[in-house]
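Worksheet: the structure to be examined is printed underneath.
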Amino acid sequence: MPLIRIDIFRGRDERSVQAIADAVHKGVVEVLKIPERDRFQVVTQHDPGEIIALDAGLGFERSVTGVVIVQIFTQVGRSTDTKQQVYRALARRLGAVGVSGNDLFISYIENSAADWSFAEGRAQYVEGLLPVPGRHD
Amino acid sequence: MPLIRIDIFRGRDERSVQAIADAVHKGVVEVLKIPERDRFQVVTQHDPGEIIALDAGLGFERSVTGVVIVQIFTQVGRSTDTKQQVYRALARRLGAVGVSGNDLFISYIENSAADWSFAEGRAQYVEGLLPVPGRHD
Amino acid sequence: MPLIRIDIFRGRDERSVQAIADAVHKGVVEVLKIPERDRFQVVTQHDPGEIIALDAGLGFERSVTGVVIVQIFTQVGRSTDTKQQVYRALARRLGAVGVSGNDLFISYIENSAADWSFAEGRAQYVEGLLPVPGRHD
């Protein structure tokens with residue numbers, strides 16, 4: 001936890017894709033204070049036309065092929081301020097690997113501690129095998 | 001917002017894929033009264049066997065290769081009636097581009113205004129850069 | 001319902017992919033007592049580097065290429081105990097088709113009866129065309 005989906009267009013080499021995933025992870029670790037090894041990411045690379053991300057009327061320009069869609073599934077409990085810190089950290093970290101802030105779209109979805117199984121079909125938070133993340137707001 | 005995932009089988013040309021994405025967007029805009037440029041869609045095309053969508057016991061026939069899975073992630077606050085209007089609009093709009101109603105599966109997931117960043121790592125609804133969508137039920 | 005996303009690495013033959021999807025479905029049917037034909041699954045196969053799933057600090061080893069990410073979207077109302085039974089059933093059923101328990105990651109996300117349309121743009125639970133799943137805890 002979190003489970004993070006990253007959707008991008010094809011065309012980057014494997015190292016650049018890895019750099020994007022790394023940047024997202026670092027941003028999340030930095031703000032949410034989760035362990036380095038609490039990393040669960042699924043990247044899907046898309047053909048032309050498969051990602052459409054306009055400006056929501058804000059009036060900025062996206063680069064089209066550079067767009068990075070990040071969807072964060074994580075446990076409920078973070079404050080709005082913490083979420084804002086996550087978004088800013090992702091923009092900063094991704095900026096450092098060449099992703100423009102205008103190309104970054106983030107959506108955040110919440111569930112509960114009982115909604116996670118990291119291995120073996122165990123519910124590690126419920127069974128006390130992992131500490132339930134508290135509020136670090 | 002919303003972020004919409006569309007999962008279909010490979011085999012359509014790029015124009016037909018675009019027509020499906022356009023139809024979904026038009027249906028959502030029509031009912032939810034969101035701006036035309038509030039468009040965030042991720043299409044993933046699948047190989048044979050990768051999408052399985054049966055009839056839930058309802059007794060209708062799907063075409064198998066024509067199935068369209070739509071997953072809508074959007075802000076909480078729409079009534080059941082509005083959701084039903086969305087589903088009907090999607091069926092009608094997709095029907096107009098050749099997707100059978102029997103091939104359409106929709107799932108809807110809700111989050112909050114603080115859960116969105118459209119660019120630059122800003123939380124545009126929280127920061128007042130975009131009006132928080134009200135209830136248009 | 002549920003809608004289940006399964007993310008795996010490319011490299012398995014179509015029959016093995018099907019066996020994984022079947023195992024997940026059987027586990028869910030067994031515990032949630034849903035109809036056999038209440039099956040909605042989207043499998044996405046990934047290139048090297050596209051899935052990163054570490055151990056969350058638990059100290060076990062994943063096989064890297066064998067990792068199976070299961071994301072379950074379903075109606076709210078199941079108890080923690082029922083969720084735990086689902087995770088265990090998935091581990092057991094997937095184990096029987098060669099997926100190590102250490103390679104299984106599960107995340108569970110809840111929505112409501114009004115959030116589903118199985119076909120034709122109808123909201124079958126709301127319209128009374130399907131019984132709303134009760135609590136079978």
Side-chain angles (χ1 to χ4, degrees), chain A residues 5-9 23-24 27 31 42 44-63 67-74 76 78-95 99-111, chain B residues 1-8 10 12-22 24-25 28-29 34-46 50 71-76 108-133:
Chain A
R5 293 191 178 277
I6 301 170
D7 290 88
I8 55 178
F9 282 108
V24 169
V31 177
V42 177
T44 306
Q45 299 185 70
H46 292 270
D47 293 325
E50 290 189 339
I51 304 177
I52 300 164
L54 304 186
D55 69 353
L58 288 159
F60 62 89
E61 293 274 330
R62 287 197 209 271
S63 72
V67 64
V68 174
I69 306 284
V70 178
Q71 194 175 20
I72 302 171
F73 297 89
T74 193
V76 70
R78 306 294 178 171
S79 68
T80 294
D81 182 63
T82 299
K83 292 176 185 180
Q84 289 179 276
Q85 288 179 46
V86 170
Y87 308 152
R88 286 193 295 264
L90 261 57
R92 179 168 35 80
R93 296 279 189 173
L94 284 166
V99 174
S100 159
N102 280 345
D103 284 340
L104 176 60
F105 177 92
I106 309 168
S107 179
Y108 191 106
I109 309 278
E110 296 174 335
N111 64 1
Chain B
M1 200 193 64
L3 173 63
I4 299 185
R5 293 192 179 276
I6 300 171
D7 290 87
I8 55 179
R10 287 187 203 288
R12 290 177 179 87
D13 59 20
E14 196 176 328
R15 205 170 130 183
S16 302
V17 173
Q18 200 63 34
I20 288 173
D22 288 350
V24 169
H25 183 57
V28 168
V29 167
I34 58 174
E36 269 292 326
R37 295 192 62 77
D38 198 352
R39 180 171 179 177
F40 307 96
Q41 297 178 307
V42 177
V43 178
T44 306
Q45 298 185 70
H46 292 270
E50 290 189 339
Q71 195 175 20
I72 302 171
F73 298 90
T74 193
Q75 199 202 346
V76 70
Y108 191 107
I109 308 278
E110 296 173 335
N111 65 1
S112 302
D115 295 329
W116 298 90
S117 172
F118 297 95
E120 298 286 0
R122 315 285 298 261
Q124 282 84 1
Y125 293 131
V126 174
E127 298 182 37
L129 301 173
L130 278 180
V132 177

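Lettering follows sequence order; numbering is per chain, from 1.
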Which distance, rounded to the nearest 0.5 Å, do you find between the [atom1] of [X] and the [atom2] of [Y]?
X      : Y     : atom1 : atom2 : value
A:R62  : A:L54 : CZ    : CG    : 8.0 Å
B:W116 : B:F73 : CH2   : CZ    : 8.5 Å
B:N111 : B:L3  : CG    : CG    : 9.0 Å

If you count heavy-atom pairs under 4.5 Å between each of [options] and chain A, which one has the most?
options              : answer
B:Q45, B:E36, B:H25  : B:Q45
B:E127, B:R5, B:Q18  : B:R5
B:T44, B:L129, B:V17 : B:T44

Heavy-atom pairs under 4.5 Å with chain B, option from [options] with the top count:
options                     : value
A:I51, A:N102, A:T80        : A:N102
A:I109, A:L94, A:I72, A:L58 : A:L58
A:A56, A:G57, A:S100, A:A91 : A:A56

For this session: Pick one of side chain, backbone, both or neither for B:R10, based on which atoms fall under 4.5 Å of a heavy atom in chain A.
Result: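 Side chain only.
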Exercise. What part of B:E14 gets closer than 4.5 Å to chain A, counting heavy atoms only: side chain, backbone, both or neither?
Worked result: side chain
Problem set entry | Pairing residues for A:R92 by the side chain to side chain contact (heavy atoms under 4.5 Å, CB included) criterion, not counting sequence neighbours | A:E30, A:A89
Problem set entry | Test item: A:Q85 side-chain N/O and A:V31 main-chain N/O as donor-acceptor pair under 3.5 Å |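 Between the backbone of A:V31 and the side chain of A:Q85 there is no qualifying donor-acceptor contact (under 3.5 Å).
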Side chain, backbone, both or neither of [X] within contact of chain B (heavy atoms, under 4.5 Å):
X      : answer
A:D103 : neither
A:L90  : neither
A:Q71  : side chain

For this session: Before giving the answer on side-chain contact (heavy atoms from CB on, under 4.5 Å), spell out for B:I20 and B:R12 the whole-Å C-alpha distance, their side-chain angles and the decisive distance to 0.1 Å.
Result: CA-CA 10 Å; B:I20 288 173; B:R12 290 177 179 87; 3.2 Å; yes
Problem set entry | Partner set under ring pair (Phe, Tyr, Trp, His ring centres under 6.0 Å) for B:F40, not counting sequence neighbours |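 Testing B:F40 for ring pair (Phe, Tyr, Trp, His ring centres under 6.0 Å), a comparison that skips the adjacent residues, returns A:F105, B:F118.
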Exercise. Passes salt bridge (Lys or Arg N to Asp or Glu O under 4.0 Å), B:D115 versus A:R78? Steps please.
Worked result: CA-CA 11 Å; B:D115 295 329; A:R78 306 294 178 171; over 6 Å; no
